[in-house]
S.K.: 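Sharing a structure here in structure tokens format.
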Amino acid sequence: MNPPDKPLPKPLSSQDWESLIEDFQQGGPRHHKWTAPHLLQSILDQAFTSLLKKDFPLKLPLLLLLEEFSETFFTHETHLNRLLESLRSVIQSPLDGVTISYYLKEQFMVSTTSIFVTVNALEKFHPRFIEGLVELLVLVINRPNHSMDRQSRAIACECLRELEKCWPCLLSNIGGHLWSLCQNERSHACQSYLLLFTSVVFNIVNTKLNVSILNTSVPLVPFNVPQWVLSGGDENGIGSKEVVVGLNYKELRRAMAFLLESPQVLTPSGMMEFLGMVMPMAVALELQASMLKVQFFWMIYSFDPLSCHVVLTMYSRFLDVFDGQEGEIFSRLLLISKETHHYLVFRLLALHWLLGLLSKLMFSGEVGKYKSIFELGLRFYPAVFDPLSLKALKLDLLAFYSICLDRLKLESFSGEEVGIGKSAAKLFEDGLVSVSAFKWLPPWSTETAVAFRAFHKFLIGASSHSDSDPSTTRTLMDSTIFHTLQGMLVDMTLQFQRLVPVIVSYTDRLLGCQKHRWLGERLLQTVDELLLPKVKINYKLSSYLPIFDRIAENSTIPPRGLLDLLDKFMVFLVEKHGPDTGLKTWSRGSKVLGICRTMLMHHHSSRLFLGLSRLLAFTCLYFPDLEVRDNARIYLRMLICIPGVKLRDILNLGEQLGISPSSHSSSFFNVHSPRQHYQNLKKSRNISAYIHIERTKPLLVKQTWSLSLLPLGDGSSKAGYLESIRDSEPLVDIRDLNDNDNDNFADCPRK
């Protein structure tokens with residue numbers, strides 16, 4: 001449907017309205033083409049006319065359109081006036097089920113209220129529009145116990161509550177009438193009446209407005225916006241000139257007494273909103289919080305999560321009032337988490353509540369006072385058939401209890417008094433039984449992730465990443481749980497090789513944290529001390545190579561033990577090589593050389609020379625794969641001929657030049673062939689290190705290779721010399737490099 005240059009033709013058909021609604025909801029150009037003022041005015045006129053037609057089928061979608069784009073349609077007082085007149089016509093018309101129905105009346109009230117709030121009608125337009133809307137809504141609710149329209153009256157109360165929320169104390173003058181309506185209403189709409197009256201009292205208390213809540217001398221109709229709402233003033237919207245600030249405690253306490261006698265008519269959702277307003281009012285009116293406990297504590301035994309949440313919210317705010325009943329609350333939450341007939345969400349919520357409440361207790365500074373509560377943690381072991389999400393949360397609780405036990409021991413309690421001699425390590429071992437199947441499951445299984453998450457929680461649970469945290473890494477390294485974890489990881493690495501990638505990832509996580517890096521290094525040292533002597537020399541040893549690579553990266557671990565093990569492994573590969581091994585020998589040999597390269601990059605050559613030269617020499621002489629022998633020979637010559645610092649610079653060339661690493665697992669230089677840089681070789685003279693290795697002829701029987709090294713620049717502008725070890729023609733014409741240089745070549749053919 002294309003918009004005309006003049007107002008829309010009258011009337012629009014249902015199909016035209018559907019097209020127009022779709023254009024608005026689509027947005028973009030389809031929406032903007034209808035935003036001309038004459039078109040918007042025409043759309044509004046036809047919309048209000050169509051809403052009152054008997055046979056118009058799109059009344060509810062049209063109301064939603066006006067509500068959604070209220071800032072576009074309602075820009076002038078005449079628009080709001082037309083909207084109010086239409087609402088008045090709908091409310092006052094008799095219900096016939098066709099032209100006017102309950103659905104239309106209720107949606108009309110909701111949409112009109114939403115439009116007034118969205119366009120901020122009280123501040124941008126004359127107050128008479130808000131007054132007119134409140135009058136219409138009050139007329140609807142002023143029929144208590146009329147059963148036919150009880151749902152409409154509840155909707156009208158909710159609309160008035162939104163207006164009161166948007167403009168606090170808007171209905172404060174008619175609070176007495178609202179109280180009377182609450183007392184007279186007996187249908188299910190009583191909840192909406194009660195929440196409306198509670199909102200009015202809450203805003204009066206919150207703004208400290210001195211107004212009589214019992215006064216009914218002000219009539220409901222006609223309604224007038226209070227002067228203190230119109231005057232503006234402070235951040236609460238209450239003017240400071242026209243209002244006497246100060247609470248009428250006597251009347252407000254009477255109102256509170258009435259409210260506290262009415263919780264039985266509220267649903268769980270209504271109870272949450274109700275208590276969210278009643279608790280601040282009780283504090284402001286200086287009421288005893290024990291009154292709230294008497295009225296609401298029974299809901300902890302309900303089977304509704306929202307009702308339990310209400311009690312826990314009240315408990316967390318008034319800890320002193322519930323002194324002595326903490327055990328009862330925690331036992332109830334423990335029972336909820338164990339009862340399988342509850343929904344899983346309810347059981348998970350119970351555990352989340354426990355974690356939150358325990359944190360509040362522990363940081364309250366009275367850990368010793370709640371010693372008996374912390375002992376409940378011994379009953380939170382995950383069951384074997386619990387859902388995995390429940391197991392994860394229960395393991396989190398056990399990790400938290402281990403922190404609590406340590407804190408209690410610092411409070412001068414003996415081990416027998418706290419936890420019946422249980423230690424954090426014992427809690428950890430017993431709790432891990434529920435997820436012990438991760439040892440046989442694939443590394444990517446969720447249960448494996450849960451188990452290693454528990455490892456991390458127990459290990460660093462007492463240490464945060466804050467610089468102000470007094471707990472140090474040294475303290476964690478000396479803890480019993482860390483020694484237990486080290487032994488478990490070593491044993492699992494020996495028994496279940498499939499877990500090696502997960503253990504490596506866990507170690508990387510510790511090494512990647514600045515505060516807990518020492519834990520990762522200490523864990524690698526333990527693996528070097530305890531694992532390497534126990535590893536059997538066979539083909540399964542290749543599964544340990546990823547963790548060997550992490551050991552090779554750590555300069556604090558002496559490389560001798562790892563070099564001896566790799567030497568034995570290479571001997572084993574040579575002895576077991578045969579026609580059936582295929583590419584296995586090449587693959588394993590290349591990975592070993594990769595570990596050798598890692599050692600060259602992270603250790604001093606003096607620490608490596610004897611062991612690494614013996615390993616590389618053996619590989620050069622006896623390894624069956626030609627490529628591995630090639631690479632080993634190059635590594636050996638580099639180890640012998642190039643100083644350590646310059647050697648590390650050469651091996652790090654890929655990172656210095658910004659060349660992406662090779663995807664080939666056996667590429668020990670991890671750079672692509674820099675053939676594209678030949679034409680710019682003159683410009684590359686000031687690069688600190690440059691190395692390129694390639695075969696100049698196809699590999700058949702005779703092996704031809706070339707090693708070209710540019711000397712590491714010393715910062716001088718003098719051109720360097722190209723040094724080469726080759727057995728074939730040079731890769732580039734030396735004259736292209738420098739016509740004035742005298743090039744020295746040393747031929748070293750290999751047989």
Side-chain angles (χ1 to χ4, degrees), residues 500 504 532 535 537-555 557 559-577 581-605 607-642 644 647-655 661-673 691-695 699 703 705-707 709 725 750:
V500 171
V504 170
L532 298 188
V535 173
I537 307 300
N538 51 31
Y539 282 116
K540 292 183 179 180
L541 187 141
S542 59
S543 60
Y544 298 104
L545 294 180
I547 201 168
F548 291 167
D549 191 70
R550 298 303 186 275
I551 295 175
E553 288 179 358
N554 197 300
S555 59
I557 302 177
R560 180 177 179 179
L562 181 58
L563 285 173
D564 291 343
L565 181 63
L566 294 178
D567 198 359
K568 296 176 183 178
F569 185 53
M570 295 297 275
V571 172
F572 170 80
L573 292 177
V574 172
E575 293 176 349
K576 296 298 182 180
H577 179 70
T581 55
L583 296 177
K584 293 180 181 179
T585 304
W586 165 81
S587 175
R588 290 171 172 81
S590 299
K591 291 178 180 178
V592 171
L593 289 184
I595 297 176
C596 295
R597 176 186 182 277
T598 302
M599 289 184 180
L600 288 171
M601 292 176 61
H602 294 88
H603 292 266
H604 294 291
S605 299
R607 301 180 70 186
L608 299 170
F609 192 83
L610 290 178
L612 186 58
S613 60
R614 182 171 61 249
L615 172 61
L616 294 175
F618 174 82
T619 306
C620 294
L621 293 174
Y622 301 109
F623 202 82
D625 185 77
L626 300 178
E627 182 180 353
V628 175
R629 287 162 57 184
D630 267 351
N631 297 341
R633 183 173 286 107
I634 294 172
Y635 277 135
L636 180 60
R637 181 167 292 277
M638 293 170 68
L639 177 64
I640 295 173
C641 300
I642 304 176
L647 176 58
R648 285 190 287 274
D649 290 338
I650 291 174
L651 294 177
N652 285 322
L653 173 65
E655 298 178 4
S662 171
S663 59
H664 201 291
S665 61
S666 66
S667 177
F668 52 89
F669 286 109
N670 284 336
V671 295
H672 291 300
S673 174
I691 185 168
H692 170 63
I693 301 175
E694 74 167 12
R695 297 188 185 277
L699 178 61
Q703 304 172 39
W705 54 275
S706 175
L707 171 63
L709 298 175
I725 303 173
R750 189 190 63 175

S.K.: Say you draw a straight line from CZ of R560 to CG of L532; how long is it, rounded to the nearest 0.5 Å?
M.R.: 13.5 Å
S.K.: What closest approach, in Å, do T619 and A632 show between heavy atoms, and which atom pair accounts for it?
M.R.: CG2-CB, 3.6 Å
S.K.: So, for T585 and P624, which heavy atoms are closest and what is the spacing to 0.1 Å?
M.R.: CG2-CG, 3.7 Å
S.K.: Show the nearest heavy-atom pair for residues C596 and L612, with the distance to one decimal.
M.R.: SG-CD1, 3.6 Å
S.K.: Tell me if a side-chain donor or acceptor on H603 pairs with a main-chain N or O of M599 at a distance below 3.5 Å.
M.R.: no
S.K.: With rounding to the nearest 0.5 Å, note down the distance linking CG in D567 to CG in L616.
M.R.: 9.5 Å
S.K.: Please check this pair: side chain of R614 against backbone of L563, looking for a donor-acceptor N/O pair closer than 3.5 Å.
M.R.: no
S.K.: Please name the residue in the list T598, L541, V592 that meets the side chain to side chain contact (heavy atoms under 4.5 Å, CB included) test with F548.
M.R.: L541
S.K.: Should L565 and I537 count as side-chain neighbours, where that means a heavy-atom distance under 4.5 Å?
M.R.: yes
S.K.: Of the non-hydrogen atoms in A552 and I595, which two are nearest, and what is the gap between them?
M.R.: CB-CG2, 3.9 Å
S.K.: Distance check, rounded to the nearest 0.5 Å: F623 atom CZ versus R633 atom CZ?
M.R.: 13.5 Å
S.K.: Compare every heavy atom of S613 with every heavy atom of L639, then report the nearest pair and how far apart it is.
M.R.: CD2-N, 4.0 Å
S.K.: Which is it for I634 and M638 under the side chain to side chain contact (heavy atoms under 4.5 Å, CB included) test, yes or no, and what are the steps along the way?
M.R.: CA-CA 6 Å; I634 294 172; M638 293 170 68; 3.7 Å; yes
S.K.: Please find the pair of heavy atoms, one from C620 and one from L636, that lie closest to each other, and give the distance.
M.R.: SG-CD2, 4.3 Å
S.K.: To the nearest 0.5 Å, tell me how far R597 CZ sits from N631 CG.
M.R.: 11.5 Å
S.K.: Between S542 (side chain) and Y539 (backbone), is there a donor-acceptor pair under 3.5 Å?
M.R.: yes
S.K.: When rounded to the nearest 0.5 angstrom, what is the spacing between CD1 in I640 and CG in L647?
M.R.: 11.5 Å
S.K.: Aromatic rings F569 and F572: how do their planes relate, parallel, tilted or perpendicular, breaks at 30° and 60°?
M.R.: parallel
S.K.: Between atom NE2 of H602 and atom CD1 of I551, what is the distance when rounded to the nearest 0.5 Å?
M.R.: 14.0 Å
S.K.: Give a yes or no on whether the backbone of L583 and the side-chain of S587 come within a donor-acceptor separation of less than 3.5 Å.
M.R.: no
